[in-house]
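First comes the structure, then the notes that go with it.
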Amino acid sequence: MNADIDHVLIPEEELLRKVEELGKCLARDYSGRGPVLIGVLTGAVVFISDLIRACRIPLSVDFMAVSSYERGTHSTGVVRILKDLDRNIEGQHVVVVEDIIDTGLTLSYLLEALQARHPATLRVCALLDKRGRRRVDLQLDYVGFEIPDEFVVGYGLDYAGLYRNLPYIGVLRPELYASEEG
Ligand code: IMP
Ligand code: MG
């Protein structure tokens, strides 16, 4: 195990089993509808690349990058689109694929921006849900795991740009990150 990791929260086999399950759910629900899966960069890249291979129906993939204007580590809910979609999603069946929903502020902004483009349907598939920290009311249609309020890395999630390539979800040793929250 990586020496910076305090403990593994979700091991690789468990992640892959769950992602396979989510992919099958999506395939069942979107059969014949040719959905567009939108990955939110950068955290969702590992998840979405396993997810689309587990979802064995015709589909397309696109990406968006957003940045929250933050004060310290506090999300303000003001979000800027850094990279927009390559396609028009009007009339399309859209699934937003996220790594983790924390306060929900980022996703809530994103959903509003996407809804304004009039997709036929708009749903959310999130690997991790830190429900205890939610600050806005959000409906998550597909969720991998509900997790406690701990800072996690791996399987796409980073701290200061690192640890995205770990194959599991782990909790970082607390002395390694300077939490500004209080
Ligand atoms: P929200 O607007 O508070 O829901 O922010 C969600 C975003 O914060 C995620 O897409 C991640 O980029 C980041 N984030 C929240 N919690 C964690 C964590 O435990 N590890 C890594 N990134 C996190
Ligand atoms: Mg993210």
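The residues of the chain are indexed from 1 along the displayed sequence. Order of listing sets the numbers, starting from 1, for every ligand and every atom in it.
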Does ligand 1 come near enough to Val152 that some N or O of the ligand is less than 3.5 Å from an N or O of the residue? yes

Taking only heavy atoms of Leu157, which atoms of ligand 1 are found under 4.0 Å from at least one of them? 20 (N), 21 (C), 22 (N)

Of all the atoms in ligand 1, which lie at a distance below 4.0 Å from a heavy atom belonging to Thr106? 1 (P), 2 (O), 5 (O)

Go through the steps for Glu90 and Arg117 under the test side chain to side chain contact (heavy atoms under 4.5 Å, CB included), then give the verdict. CA-CA 6 Å; Glu90 184 174 348; Arg117 301 175 190 186; 5.9 Å; no

Run the side-chain hydrogen bond (donor to acceptor under 3.5 Å, both in side chains) test on Tyr155 and Asn165 for me, step by step, so that the C-alpha distance in whole Å, both residues' side-chain angles and the decisive distance to 0.1 Å come before the verdict. CA-CA 6 Å; Tyr155 199 71; Asn165 56 331; over 6 Å; no

Contact check, Asp99 vs ligand 1, heavy-atom distance below 4.0 Å: yes

Check: Ile101 and Leu128 side chains under 4.5 Å, non-hydrogen atoms: no

Linked, directly or transitively: Ile89 and Leu82 (ILVMFWY side chains, under 4.5 Å): no

Ligand 1 to Gly104 polar contact by distance, N or O atoms, under 3.5 Å: yes

Can you name the residues that form a salt bridge (Lys or Arg N to Asp or Glu O under 4.0 Å) with Asp137, not counting sequence neighbours? none

Please report the C-alpha distance between Tyr163 and Asp4 in whole Å, then the side-chain angles of each, then the deciding distance to 0.1 Å, and finally whether the side-chain hydrogen bond (donor to acceptor under 3.5 Å, both in side chains) criterion is met. CA-CA 9 Å; Tyr163 311 108; Asp4 293 351; 2.6 Å; yes

Between Asp158 and ligand 1, which residue portion shows a heavy-atom distance shorter than 4.0 Å: side chain, backbone, both, or neither? backbone

Could you tell me, atom by atom, which parts of ligand 1 come under 4.0 Å of a heavy atom of Glu150? 19 (O)

For Glu12, all residues meeting salt bridge (Lys or Arg N to Asp or Glu O under 4.0 Å), sequence neighbours excluded: none

Backbone or side chain, does any N or O of Asp102 fall under 3.5 Å from an N or O of ligand 1? yes

Report yes or no: does a heavy atom of Arg135 sit under 4.0 Å from some atom of ligand 1? no

Min over Thr42, Thr103, Leu41 of heavy-atom distance to atom 3 (O) of ligand 1 lands on Thr103

On the 0 to 90° scale, with breaks at 30° and 60°, tag the Tyr159-Phe151 ring pair as parallel, tilted or perpendicular. perpendicular

Going by the atom numbers of ligand 1, which of them fall below 4.0 Å from some non-hydrogen atom of Glu98? 10 (O)

